[in-house]
Amino acid sequence: MTEPELSALRERAEHGDASATDELIELATELGDVNELRRLADAGNATATDELIQLVAEQGDLRELRRLSDRGNTTATDQLIELAIEQDNMDELRRLADQGNTTAAEQLAELTAE
């Protein structure tokens with residue numbers, strides 16, 4: 001897709017064309033375009049948010065998962081906990097536990113008891 005075509009697609013999406021938005025999400029997902037997915041997710045698109053979470057979790061991007069989690073996205077929080085466990089990131093689990101996340105607290109207790 002050329003840059004002018006992409007710009008036209010973005011414009012259609014911004015004017016409420018659901019099929020253009022879906023196409024943008026699909027394209028961004030295929031290309032691994034975190035910035036495009038973030039832009040669409042920040043505009044309130046739930047599908048883009050889900051795709052963004054999946055992509056950044058696969059990439060091990062704690063920072064982006066943390067950003068989404070801190071905005072109240074429970075799926076991002078769950079993925080953040082899973083990634084923190086995989087990476088043995090006790091600091092992240094502790095941060096989440098300190099914020100009142102019981103799953104993170106339970107995982108932290110299990111991991112530190114081993």
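This one's a predicted model, so the numbers in the text were calculated from it and none came from an experiment.
Distance check, rounded to the nearest 0.5 Å: CG of L55 to CZ of R38 gives 10.0 Å. The structure places CG of N45 at 10.0 Å from CZ of R39, a figure rounded to the nearest 0.5 Å. Here the straight-line distance linking atom CG of L108 with atom CE of M90 works out to 6.5 Å at 0.5 Å rounding. Note that the CG atom of L52 and the CG atom of D61 stand 8.5 Å from one another [nearest 0.5 Å].
Side-chain contact between T49 and R71 is absent, with no heavy atoms from C-beta onward closer than 4.5 Å. In this structure, D70 and Q99 have side chains that are in contact, with non-hydrogen atoms separated by less than 4.5 Å.
Around atom CD of E11, no more than 12 heavy atoms belonging to other residues, nucleotides or ligands sit under 6.0 Å away.
Summarising the geometry of A104 relative to A97, their closest heavy-atom pair is CB-N, 3.8 Å, with the distance given to 0.1 Å. The heavy-atom pair separating L65 from A57 by the smallest distance is CD1-CA, 4.1 Å. The shortest non-hydrogen separation linking Q87 to L62 is OE1-CD1, 3.2 Å.
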Atom pairs and distances, side-chain donor-acceptor, residues 25-34, under 3.5 Å, sequence neighbours left out:
residue	atom	partner	partner atom	Å
T29	OG1	I25	O	2.8
D33	OD1	N35	N	3.2
D33	OD1	E36	N	3.0

Side-chain donor/acceptor pairs under 3.5 Å, residues 74-85, sequence neighbours excluded:
residue	atom	partner	partner atom	Å
T77	OG1	S69	OG	2.6
T77	OG1	N73	O	3.1

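By the salt bridge (charged side-chain N to carboxylate O under 4.0 Å, His left out) test, E51 is found to be paired with no residue, residues two or more places apart in sequence or in another chain being considered. With sequence neighbours excluded, the residues that form a salt bridge (charged side-chain N to carboxylate O under 4.0 Å, His left out) with R12 are D17. Partners of R67 under the salt bridge (charged side-chain N to carboxylate O under 4.0 Å, His left out) rule, at least two apart in sequence or in another chain, are D42, E64. With sequence neighbours left out, D91 forms a salt bridge (charged side-chain N to carboxylate O under 4.0 Å, His left out) with R94.
No salt bridge links R10 with E5; every basic N to acidic carboxylate O contact stays at or beyond 4.0 Å.
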